[in-house]
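All figures in this text were calculated on a predicted structure; none of them were measured in a lab.
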Amino acid sequence: MSVFEDLKAMVGEEAGPFAANDPVNKPMIRHWCEGMEDGNPLYTDEEYAMTTKYEGIIAPPQMVQAYCVPLLWPKKSTPPHPLAKASDMMDAAGYFGVVATTTSYEFFTPMRPGDNLSYTIKLDKVSDEKTTRMGTGCFITVVYTYLNQNGHIDCNLQFTIMKFKPAGS
């Protein structure tokens, strides 16, 4: 079996849920808004936010990943998720180049201060072998599903990378 066939056999494999490191909170929302220079009062002005359909502050939707990025230190030992496994398989077969090609979000439930998030990672698609200017390899797509403590989906994130043998190598 080729590495591409092995990868395609993994489609549908899912890992998680993995818990976010911190609950959604106002200080992190404020820091995000300052860094992004996002002046939307829905994110930082409680008085204004109470007058909206949300009836309170919500976090900017794009923050979902900020809450769920694995800790950098101290390192935690966790079983590899499907994207890590697929990437390791490709590396072992000599496809060590990687480039992120597509990220798309679909938002559902707003995140509120106090929410505790978790996420799963599912291997969604593996392309046939492709040759591009960068080299020969395949596109690997995973879907991250972010949930709040009530099991409501906050966001689906589709993420695609290309793993490849660099051209000329």
Would you kindly confirm whether [X] and [Y] end up in one hydrophobic cluster when ILVMFWY residues are joined by side chain heavy atoms under 4.5 Å apart?
X: Ile29; Y: Met36; result: yes
X: Phe107; Y: Tyr67; result: yes
X: Val126; Y: Phe164; result: no
X: Leu83; Y: Phe139; result: no
X: Phe96; Y: Val3; result: no

* side-chain contact (heavy atoms from CB on, under 4.5 Å) between Met90 and Cys138, intermediate numbers included -> CA-CA 9 Å; Met90 292 294 284; Cys138 70; 3.8 Å; yes
Given side chains that start at C-beta, do those of [X] and [Y] come closer than 4.5 Å, heavy atoms only?
X: Leu117; Y: Asp154; answer: yes
X: Lys163; Y: Asp91; answer: yes
X: Met89; Y: Leu7; answer: yes
X: Thr136; Y: Glu129; answer: yes

Roughly how far, to the nearest 0.5 Å, is the [atom2] atom of [Y] from the [atom1] atom of [X]?
X: Met28; Y: Cys33; atom1: CE; atom2: SG; result: 12.0 Å
X: Tyr105; Y: Gln158; atom1: OH; atom2: CD; result: 12.5 Å
X: Ile140; Y: Lys125; atom1: CD1; atom2: NZ; result: 13.0 Å
X: Phe159; Y: Thr103; atom1: CZ; atom2: OG1; result: 5.0 Å
X: Lys85; Y: Leu123; atom1: NZ; atom2: CG; result: 9.5 Å
X: Asn25; Y: Arg30; atom1: CG; atom2: CZ; result: 10.0 Å

* Under 6.0 Å from the CD atom of Glu5, do we count more than 12 heavy atoms belonging to anything else shown? ->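 Yes, enclosed.
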* Assess whether atom CZ of Phe108 is packed by more than 12 heavy atoms of other residues, nucleotides or ligands within 6.0 Å. =>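 Yes, enclosed.
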Sidechain-backbone polar pair: [X] side chain, [Y] backbone, donor-acceptor under 3.5 Å:
X: Asn40; Y: Asp38; result: no
X: Asn21; Y: Val69; result: yes
X: Thr101; Y: Thr160; result: yes
X: Thr109; Y: Ile153; result: yes
X: Glu13; Y: Pro82; result: no

So which heavy atom on [X] is nearest to which on [Y], and how close?
X: Thr120; Y: Gly16; value: CG2-C, 4.1 Å
X: Asn116; Y: Gln149; value: N-OE1, 2.8 Å
X: Met111; Y: Pro60; value: CE-O, 3.4 Å
X: Pro166; Y: Gly97; value: CD-N, 4.4 Å
X: Asn150; Y: Asn148; value: N-OD1, 2.9 Å
X: Met162; Y: Lys130; value: CE-O, 4.3 Å

* Asked: Would Phe4 and Tyr95 count as a close aromatic pair, with their ring centres under 6.0 Å?
  -> yes
* Asked: Relative to the ring of Tyr146, is the ring of Tyr119 parallel (under 30°), tilted (30 to 60°) or perpendicular (over 60°)?
  -> tilted
* Asked: What do the steps show when you test Tyr144 against Ile121 for side-chain contact (heavy atoms from CB on, under 4.5 Å), and what is the final call?
  -> CA-CA 5 Å; Tyr144 289 78; Ile121 307 170; 3.5 Å; yes
* May I have the step-by-step check of side-chain contact (heavy atoms from CB on, under 4.5 Å) for Leu42 and Tyr54, ending in yes or no? => CA-CA 9 Å; Leu42 184 57; Tyr54 300 104; 3.7 Å; yes
